[in-house]
K.L.:
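One structure coming up, written as structure tokens, with questions to follow.
Note that the coordinates shown come from a computational prediction; the quantities given were computed from them, not determined experimentally.
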Amino acid sequence: MAASVLVFEAFIAWFFGLVVAKLHPSGDWIVAVVLGVVSILLSGMMRHRWAYPAGWLLQAGFIAAGFLVADMFVLGVVFTAIWWAGLHYGAKAERIRAELMAAATSAETPAAPVETSTGHPGVGAR
């Protein structure tokens, strides 16, 4: 879930770069390109523990990009909320999946054989 949020953010960052390039003909658009590239690279690293704090730093970068274009303050806060929701509900989904897998595994384990008078499990049980 977090990786898909980061990929979505990369596209928005690149569109942000186009806006910055048009509004400010300086090199500020490079910030947007860097944010987008970091978003894509980080989306592939989500299997590592350090990637989640790095994702929070990236969200701070998106908010700070508001100093270049004021609308990015709003978009940065929105992305931060989506990032939080992705982490929160993604972890919740993983917990539910783990519980279901544990329940399915315990249901598949065969019960202890019933001892019978003949000595064979399940035959002639009383």
K.L.:
Output the distance between atom CD1 (Ile82) and atom CG (Leu87), rounded to the nearest 0.5 Å.
P.N.:
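Reported value, rounded in 0.5 Å steps: 12.0 Å.
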K.L.:
For the residue pair Phe73 and Gly66, what are the closest heavy atoms and their distance?
P.N.:
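Heavy-atom minimum between the residues: CE1-O, 3.2 Å.
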K.L.:
What heavy-atom pair brings Tyr52 and Ala2 nearest, and what distance separates the two atoms?
P.N.:
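So the two residues come closest at CE2-CB, 4.2 Å.
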K.L.:
Which pairs pass side-chain hydrogen bond (donor to acceptor under 3.5 Å, both in side chains) with one or both residues in residues 55-82, sequence neighbours excluded?
P.N.:
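Passing the test, one end in residues 55-82: Glu9-Gln59.
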K.L.:
Are Ile63 and Phe8 connected, step by step, through hydrophobic side chains (Ile, Leu, Val, Met, Phe, Trp, Tyr) whose heavy atoms are closer than 4.5 Å?
P.N.:
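Each belongs to a different hydrophobic cluster.
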K.L.:
Run the numbers on Leu68 and Val31 for side chain to side chain contact (heavy atoms under 4.5 Å, CB included), then give the verdict.
P.N.:
CA-CA 9 Å; Leu68 298 175; Val31 172; 3.9 Å; yes
K.L.:
Using the side chain to side chain contact (heavy atoms under 4.5 Å, CB included) rule, take Phe79 and Leu58 through it: C-alpha gap first, then chi angles, then the decisive distance, then the call.
P.N.:
CA-CA 10 Å; Phe79 283 138; Leu58 183 65; over 6 Å; no
K.L.:
Tell me which pairs pass side-chain hydrogen bond (donor to acceptor under 3.5 Å, both in side chains) where either residue lies in residues 81-92, with sequence neighbours left out.
P.N.:
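Sorted pair list comes back empty.
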K.L.:
How far apart are the closest heavy atoms of Ser106 and Ala103, and which atoms are they?
P.N.:
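In this case the closest contact between Ser106 and Ala103 is OG-O, 2.9 Å.
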K.L.:
Would you list the atom pairs, donor with acceptor, under 3.5 Å between side chains in residues 36-44 and any protein atom, with sequence neighbours excluded?
P.N.:
from: Ser39; atom 1: OG; to: Leu35; atom 2: O; distance (Å): 2.8
from: Ser43; atom 1: OG; to: Ile40; atom 2: O; distance (Å): 2.6

K.L.:
Is there a path of hydrophobic side-chain contacts, each under 4.5 Å between heavy atoms of I, L, V, M, F, W or Y residues, that connects Trp29 with Val34?
P.N.:
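Same hydrophobic cluster.
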K.L.:
Looking at every non-hydrogen atom in both residues, tell me the closest pair between Ala13 and Ala32 and how far apart they are.
P.N.:
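Closest heavy-atom pair between Ala13 and Ala32: O-CB, 3.2 Å.
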K.L.:
For Gly90 and Met1, which heavy atoms make the closest approach, and how far apart are they?
P.N.:
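Heavy atoms only, the tightest pair is CA-CB, 4.4 Å.
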K.L.:
For Arg47, check salt bridge (charged side-chain N to carboxylate O under 4.0 Å, His left out) against everything at least two apart and list the hits.
P.N.:
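Partners of Arg47 under the salt bridge (charged side-chain N to carboxylate O under 4.0 Å, His left out) test: none.
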K.L.:
Mind running side chain to side chain contact (heavy atoms under 4.5 Å, CB included) on Phe67 and Met72 for me, showing each step along the way?
P.N.:
CA-CA 8 Å; Phe67 290 109; Met72 279 306 289; over 6 Å; no
K.L.:
Write down the atom of Ala51, the atom of Met45, and the distance for their closest heavy-atom approach.
P.N.:
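So the minimum-distance heavy-atom pair works out to CB-O, 3.2 Å.
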K.L.:
Remaining members of Leu100's ILVMFWY cluster at a side-chain heavy-atom cut-off under 4.5 Å?
P.N.:
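Leu100 shares its hydrophobic cluster with Ile96.
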K.L.:
If hydrophobic residues (ILVMFWY) are linked whenever their side-chain heavy atoms come closer than 4.5 Å, directly or via other members, who joins Leu57 in its cluster?
P.N.:
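Traced through the cluster, Leu57 reaches no other member.
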